[in-house]
Each structure stands twice: as C-alpha cells, then as structure tokens.
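Scroll down for the structure; my scribbles are underneath it.
Keep in mind that this is a model prediction, so the values were computed, not measured. The figures here come from the full heavy-atom set of this structure, side chains too, leaving out hydrogens, waters and symmetry mates. Quick note on labels: first sequence line is chain A, next is B, and so on, each numbered from 1.
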Amino acid sequence: MKEILHLIRFDYLTVCGSVPVYLVCMAGAAAAGLFLTPIFAVYAVFIMFVLTVPLQKKTEQKVYGVLPVSRKNIARARLLYFWAVMFVTELITVAVGLLSVRLKLSRFVLPQDSQFVQMNAESFDMPAGEIILIGAVVFAAVGAFMLYMEMMGEIFGRENEMKILVISLGVLIALVFGFFALSANDILPMLSFEGDSTYPLVPSLIKSVIWNLAVFVLACIFGEITARVQSRREL
Amino acid sequence: MENILEIKGLCKKYDGFALRDVSFSLPRGYIMGFVGQNGSGKTTTIRSILNMAQKDSGKITVFGLDSVTDTITIKERLGVVFDSLYLAEHLNVKQIERQLKPFYKDWDSAEFARRIKEFDLPDNRPAGDFSKGMKMKLMIAVALSHKAELIILDEPTSGLDPVARDELLDILAEYIEDENRGVLFSTHITADVERIADYVTILHAGKVWFTGTKDALTERYVIIKGDAAELPQSAREKCIGFHNYRNGFEAMFPAEDAALLPDVIDTEKASIDEILVYIAKEDKHERDTASDTV
Amino acid sequence: MKIVIKNKSELPIYEQIEQQIKAQILDGTIAENAQLPSIRQLARDLKISIITTTRAYNDLADEGFVISVAGKGYFVSPRGDELMRERMLFEMEDGLQKAVTNGRNAGLTNDEIRAALEQFLEE
C-alpha cells in the first residue's frame, strides 16, 4: 500500500512540470464557469488530460527495472493516479459550478438582454444537487473512458493507441445506438434523467459519491487487469 | 570467496537471437568487465539480472538472493547505469531526488548533494539537457546515494568523450576501494576494462566465450604473425581467427601451445580488443566454411 | 612512494609496480618498516585492477621485500632481514654479471673492467 502511494507520488512528480499549464487551463474553465454559465466549468473535464499525457513516454520505462518496487504495483498506482487527477478536477469543477450559481457574476459581464444570457438563464437556477450530480456523472463517464484507454494502451502498447481509440469508439457508438434502438422499440425502458427535477441535496450527494466510488472501483479493477497482464511482460 | 553475482545456465530466446547457457560469477570486492560485440547478448543478460527480461531457464543470484523472487530486496542495494538516462528528462536533479528517495530505505540526501556537487551537475537544469557524461554521472550519483553494494553499468561509455570515460574509471576505482562492493561493467570499448577490471567475461553470439580473471585471459592468448608457409599444420589447427594476407598471416594462438611454433613466427601479447577481433574472425571463418568445429 | 604505470610498456603492470617498489626500497626512498598503501588503496590511486596490485604485493612478499601483517597491511622488511640481504646480494651479482657481459661484448679486457669497477667504488 505504501509502495502504491509512493508510486502515485512518483507519477505526480513526473508530471508536476505540467501543473502550471493545468492550473492556467483550470483558471480559464473556472472563469468561464463563473462569469458565463456554470455549464462551462465542465470543460475542465478535458483539462485533466494535461496531467496524464506526460506519463505515456516509453523511454522512461526503464526506471521501473531499477526501482525496488513490484511490477504489479506500478500499473495499480498508475490507474489510481489517473483516478485521483479526475477526482481533484471534478471537485474544483463542482466548486466552481456552485459558486457560479450563487454569485451569478455573469450579471456584471454580459448584458442581461443578450441571447446568450436568455439561453442560459435556466442554468443559473440549477439546484446544488443537480450541479454535484452532473459533475459526478460527466467526470465518471470521461474518467472511465480515460482509465479504459490507459489500460488498453498499457496492455496493447502505446503505438496502437489510435487503433484502440477507433475500435473502442466504434464499440461505444454501437452500444449506445443499440441501447437507444432497443429503448425506442420499448424493449428496454428509456433512461430518464427527468425523474426528479428538484435534486434534493443529500440524495444527490450520495449518488455523486456512488458515481465516484464506482469509477474508483473501476480504476482498481483496470489496474489489477493491467498488473496481471503486464507482470508477465518484459520491461 | 562469496559471490556478489552468480549466473548459472541462463537461457533466453528471442526471435533470431538466444542466450545459451550463460554462466559466470563475480566475487564480492571486484570489478568485472563484461565485453562482447554489439548484439552478443550483454544487455539481455543485464536485463535478466534486473528481472526486466524473463529468463527461459537458469538461475541468477545477486547478494545470494534469487533475481526473480527477491528482486525488490536486491534492487534496494543495486545501482544501475544505463547507456541513456532512465529518469524523466524534463526533471531537474532536485525533482529527481524527490522522486526516488521514498523508494530506498537507505537513501542519503547529504551524500546525493555531495556527489552532485563533486560531479559538477547543475541542480536547476532539466536532466535531459545534460551531456552524456553528466547523465552517466547522475545515474552513478543515484546509485551511490542509496548505498548500492553492486553497480551494474550497461554500456556506460558508448558515446562518451575520453575525459568523461576517465572520470568514470576514477569513480569506479574509488567505489571498489571498499571490499564489500562489486561492479559489473558491460562495454564494447575494451580499453576501459583493460586497466581496471579484475575479472572479464566475454560473451560471443549469446554464449560465454571466456570468464575468469583478466590476467588469465591476457596470458592465455598471444597474437602470432609470420609467413603461413612456416606454420606447422599442428599449430595451424590451434589458430583462432587465422587470416592470410599477401605478406603473411595473423592469428590468435593459445599461449600454452607456444611450443608448437617455430622461432621465425613473431608472438606478442594479445589485448582484450584483439581477442574480440579474432573471436569474430574465427566465427566468420567458421560460417564461411560451414564447418562445425569450434 | 611513487609509481608510474606505463600503458604502452611491454612489461605487465604488476611487474612495473614490483620493479619500482623494489628500486625504491633498495635506494631507501621507502624506509624500512614503512607501511605500504593497502592493496585497494594502491589500485584506486593507480586506477588499476585489485588483482594486479595483489599480485605485485604477493610477489614482493615472496621475494622478501615486504612483510604482510594480517589485519594491518604490508610493511617494508627491516634491512637487517636475511632475505633482504640475500636479495640485495643477488641484485648486486646480477648487475655485476651484466656489467661484465656488456664489457666483454665491447671488447674490454678483465683489467679494464676491473678499473672501471674501481672507479665506481671510489665515487
């Protein structure tokens, strides 16, 4: 366990040079979220990749042959690190969203009669629970995708990353279409997000925790799969 | 004498290349030069010691511990220098220390700082900007700072200028003054090994061609030159890498059979470099004549 | 103690060390009973193999120039030491022999050789 934490820190220190870039981008997303519409804060979801990309250089793999660590923990730590990045980014995003709704700073920036403000008026009325839940769901989806890509990249090699991406997206789109096709024909019940539009705070918070836990569990499972496959592989 | 490193019957097969029954051992307190042409299997052997490559068969022990089951314990006390930097290139010396420190129980920050200063390494520049010699010294500084008892160097001198190579020999000479340590030094630049190494292992085409003390190696072979017509058949058969030129022949010859040689044939000491060259010539000759004698 | 290793010399490194230490013991540069650098120290200073320095010291000990004291290191034998005297006698005879051979090769008579020796003795 201590070793995994050290390895997570190791990964963090490898990318820490990118932290300023990450913070600048986050500030941009936060500004957009605060001054335009809280929905914009969700763009931060793309910013978390800044803190994962530098880890994917093959040339530095040798370090794991030198360090006194178990091969399995390297993969486990890597996926948990990805989860941590996702989680931190999600926390910042949700905080920005909540602040944005409370402060309604866009009043001072945008003319109230502009089309943009009219269109987004609703988003400023979002209850806290909804913001928390949207954050959790969006980050869970993107986070799961990020973890999946990392696992596939580790297993099948970075050079095949584009192939993996294309095939994975194909499968995903097929699944979604299949799902909607089945739903439209009443074979499966249509997923409804409208169920409870009041989003009471506590249940939303619990749901959000469940989403995050689910992604955490996914990170552990993917980490374990990667570890199993990789431990039989050469460095 | 206790062996700090011991390899027994190591086999490892890749497409188009195989290590076959590699065995050698390095006693504690000495430096071993691990030489052979590029592609002879030095790096694969080292990767097997580090458990980065998975051996097909054989047993490797470091500090008396198994290289597979005890790899973590071994690496606590093992320093490694590769031909290129294994650390993140965009990090500076301080960041690299922060990264590595938690993994070693015996990490000594004061020693690391002292070495960085001694080696003249700037601590605020990315390691990727360092010269090849500086990168090599950085990897050595890391090894020395976690009190490594065995340092394995894989081709550390390829692409190094003579000054940096000399500095490396200084560092190794200082390191081995402590008799509890050991050094395995792979290189194809044998001049580095010629002076400082106590033991030499020559790897050729995935097999151990020689292993033993350096003196035993250099005393075992001589280079002979002369007119091929004056070379008796009995001696001709013992020649290694026999090569006939227009004005005479050159070959490597076992020193113990020197009695077979007539006086007109010149003999001189063989350097490790020459030994490697003649091994390669013999090999080429064998392949050309498709004979199966060794 | 001063040792210079010549890489390009035909003599093996251990012999170069032996010869130079012997010469310095014989001419008194290294005092009797003086401690020599340890095998590992010498190897480090000269940047040569430990086996080479071990061999040089062992040979010197075998020939009686130095004494190995377990746990302490190598010391120059006291000059009164029998072996040392014998060794010096041997070196002298060896030198004389060479001198005589060279003299004869140059076509000198026995008297001329003796005269030359006298001259050295008076110096």
Side-chain angles (χ1 to χ4, degrees), chain B residues 1 4 26-33 35 157 162-185 190-201 211-223 255 266-273, chain C residues 1-24 30 34-76 101 105:
Chain B
M1 217 168 354
I4 199 162
L26 169 64
R28 198 180 272 273
Y30 294 97
I31 298 182
M32 175 179 277
V35 300
T157 51
V163 178
R165 275 169 48 201
D166 188 64
E167 283 174 329
L168 172 66
L169 296 190
D170 271 326
I171 295 166
L172 293 183
E174 181 202 328
Y175 177 76
I176 204 69
E177 198 182 342
D178 183 332
E179 61 192 356
N180 289 314
R181 295 168 167 175
V183 174
L184 178 72
F185 183 162
T190 55
D192 300 329
V193 170
E194 198 91 46
R195 230 176 125 144
I196 203 174
D198 302 297
Y199 291 83
V200 173
T201 296
T211 183
T213 65
K214 182 184 63 195
D215 291 354
L217 174 67
T218 49
E219 282 165 18
R220 188 173 293 180
Y221 298 101
V222 291
I223 304 298
D266 278 336
T267 64
E268 57 185 33
K269 280 199 302 189
S271 68
I272 299 175
D273 237 354
Chain C
M1 194 173 102
K2 200 183 129 200
I3 295 176
V4 183
I5 302 289
K6 288 182 187 147
N7 271 336
K8 286 164 191 87
S9 162
E10 262 299 299
L11 273 185
I13 294 176
Y14 69 90
E15 273 186 42
Q16 296 184 37
I17 298 173
E18 280 170 46
Q19 283 191 356
Q20 292 178 42
I21 294 183
K22 271 188 218 170
Q24 289 173 59
I30 315 177
Q35 182 167 14
L36 295 179
S38 78
I39 286 176
R40 281 178 186 272
Q41 236 174 315
L42 185 65
R44 177 191 166 175
D45 293 344
L46 299 174
K47 262 192 271 177
I48 55 171
S49 145
I50 292 147
I51 287 184
T52 305
T53 49
T54 310
R55 184 164 177 182
Y57 274 20
N58 284 345
D59 286 354
L60 288 170
D62 286 348
E63 291 173 29
F65 282 87
V66 301
I67 299 168
S68 156
V69 180
K72 283 197 174 163
Y74 288 83
F75 295 84
V76 177
T101 318
N105 287 346

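- Proximity to chain C is limited to the backbone of B:D178, based on heavy atoms less than 4.5 angstrom apart.
- Counting heavy-atom pairs closer than 4.5 Å to chain C, the top-ranked of the candidates B:K269, B:E179, B:K214 is B:E179.
- Contacts between B:L172 and chain C at a heavy-atom distance below 4.5 Å are absent for every atom of the residue.
- Contacts between B:E219 and chain C at a heavy-atom distance below 4.5 Å involve the side chain alone, from C-beta outward.
- At least one test fails for C:R40 against the ring of B:Y175: distance under 6.0 Å to the centre or angle within 45° of the axis.
- Taking both residues in full, the closest heavy atoms of C:S49 and B:A197 are given as CB-O, 3.1 Å, listed atom of the first, atom of the second, then distance.
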Taking it one step at a time, do B:R195 and C:I13 satisfy side-chain contact (heavy atoms from CB on, under 4.5 Å)?
CA-CA 9 Å; B:R195 230 176 125 144; C:I13 294 176; 4.3 Å; yes

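- Interatomic distance, C:T53 OG1 to B:D198 CG, rounded to the nearest 0.5 Å: 8.0 Å.
- Distance check: B:I196 CD1 to C:T52 OG1 gives 10.5 Å after rounding to the nearest 0.5 Å.
- The two residues B:D170 and C:K47 make their nearest non-hydrogen contact at OD1-CE, 2.8 Å.
- Neither the backbone nor the side chain of B:I31 comes within contact range of chain C; no heavy atoms are under 4.5 Å apart.
- We find the CD1-CD distance between C:I39 and B:E177 to be 12.0 Å, quoted to the nearest 0.5 Å.
- Within the model, atoms CD of B:E174 and CG of C:D45 stand 11.0 Å from one another, a figure rounded to the nearest 0.5 Å.
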